[in-house]
Amino acid sequence: MTLYGIGLGPGEADLVTVRGKDVLESADVVYSPGRLSRTVALNHVDESKIGDLDFPMTKDEEKLRTAWKEAAAEIAPNARDGDVAFVTLGDPNVYSTFGHLRRTIDAFHPDVDLEIVPGVSAVTAFATAMGVEIEAGAGLSLREAAAGVSPTGPDRMILFKVTDAPATHEGLVEAGYDVTYGRRLFMEQGETIITDDPETIDERDYYTLAYAEKEDLEVEQATAAFETEASDAGSRSATAAEETDD
Ligand SMILES: C[S@@+](CC[C@H](N)C(=O)[O-])C[C@H]1O[C@@H](n2cnc3c(N)ncnc32)[C@H](O)[C@@H]1O
C-alpha cells in the first residue's frame with residue numbers, strides 16, 4: 001500500500017485538490033505536522049482517522065533527526081498494511097516538513113511506496129491574493145526571512161516566514177525593493193491582511209509572506225501598452241464630450 005504526501009493548499013478547505021480530497025477520504029490513517037493542517041484535513045476526514053505524531057519545535061539537528069526517525073517508524077508499518085496520508089499546507093515539495101519524512105522513509109523504510117499529491121502552494125496563491133502578475137519570462141526567487149532577516153539580490157522574491165516584518169522591511173527598502181506583505185492568504189483561520197506598511201503587521205504571525213520587487217525593475221509586455229492607450233483614449237473622448245456639450 002502507499003504513503004501519500006498530500007498538499008492541502010493555503011488553508012481554505014475548498015482549495016484542496018479533488019485528488020487530494022479523494023486520497024484523504026480513502027486513507028486509513030491521516031497524519032499532520034501541525035494544528036492548522038490538521039484543521040484543514042478535518043474538513044475531509046473523520047477525527048478518528050487522525051494519527052498521533054509528536055513534532056518538537058527545535059532547530060537542534062540531532063533532536064530533529066530523532067523525531068523524524070520516530071515519526072517514520074510509526075508511519076511505515078501503517079503504510080505497509082494500508083494507505084496512509086501525511087498532509088502539509090501548500091505543496092509537499094515547497095519549503096515543507098514533508099521533505100524530512102520522505103528522506104527518513106527512503107533511508108530507513110525503503111520498501112514503503114510513496115506518492116505525492118501536489119497542492120496549491122503559497123507561491124502561487126500569493127499572486128492572486130496580492131494582485132501580482134508574474135509575467136511569462138519573469139524571474140522569481142524564493143527566500144526565507146525569519147527573525148527580521150532581509151534577503152536581497154534577485155529582482156523579484158517571495159519571502160517566507162516573515163516573522164518580524166518591520167526589521168525585514170528596513171533591509172529591503174535600503175536595498176531598493178518595493179515590498180507587499182500578505183498574511184493568512186486564503187485561510188479560514190484568522191484575518192487576511194495585505195499591506196505595504198510593515199508596522200500594521202508588527203505582531204509575529206508565522207503565516208506571513210512578502211513579495212519584494214526591485215523598485216527600478218522595468219517590465220516590457222506588449223499588452224502593457226494598452227493601459228496607456230486606453231487612458232489616453234479616455235481623456236480624448238472626455239475632451240470631445242466636453243466640446244460637444246458646449
Ligand atoms: C514552511 S513554509 C510552507 C510552504 C508550503 N509548503 C507551501 O507550498 O505554501 C511556511 C511559510 O509559508 C508561508 N505561507 C504558507 N501558507 C500561507 C498562507 N496561506 N498565507 C500566508 N503565508 C503562507 C508563510 O510565509 C509561512 O511562514
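We count ligands from 1, going down the list as the structure has it; atoms in each ligand are counted the same way.
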task = Among T128, L209, T208, find the one that has a side chain to side chain contact (heavy atoms under 4.5 Å, CB included) with L185.
result = L209
ask   = For the rings on F160 and Y95, is their centre-to-centre separation under 6.0 Å?
value = yes
inquiry  = List the protein residues in contact with ligand 1, where contact means a heavy-atom separation under 4.0 angstrom.
reply    = P10, L89, G90, D91, V94, Y95, S96, S121, A122, F160, K161, R184, L185, M187, Y206, Y207, T208, L209
Hey, can you pull the donor-acceptor pairs under 3.5 Å for the side chains in residues 131-147, sequence neighbours left out?
from	atom 1	to	atom 2	distance (Å)
E135	OE1	R156	NH2	2.9
E144	OE2	K161	NZ	3.4

task = Check for a donor-acceptor pair, side chain of S26 on one end and backbone N or O of D22 on the other, with a separation under 3.5 Å.
result = yes
note = Across all chains, not counting sequence neighbours, the salt bridge (charged side-chain N to carboxylate O under 4.0 Å, His left out) partners of D14 are none
request  = Kindly state each residue pair satisfying ring-ring contact (aromatic ring centres under 6.0 Å, His included) with at least one member in residues 110-159, sequence neighbours excluded.
outcome  = F126-Y211
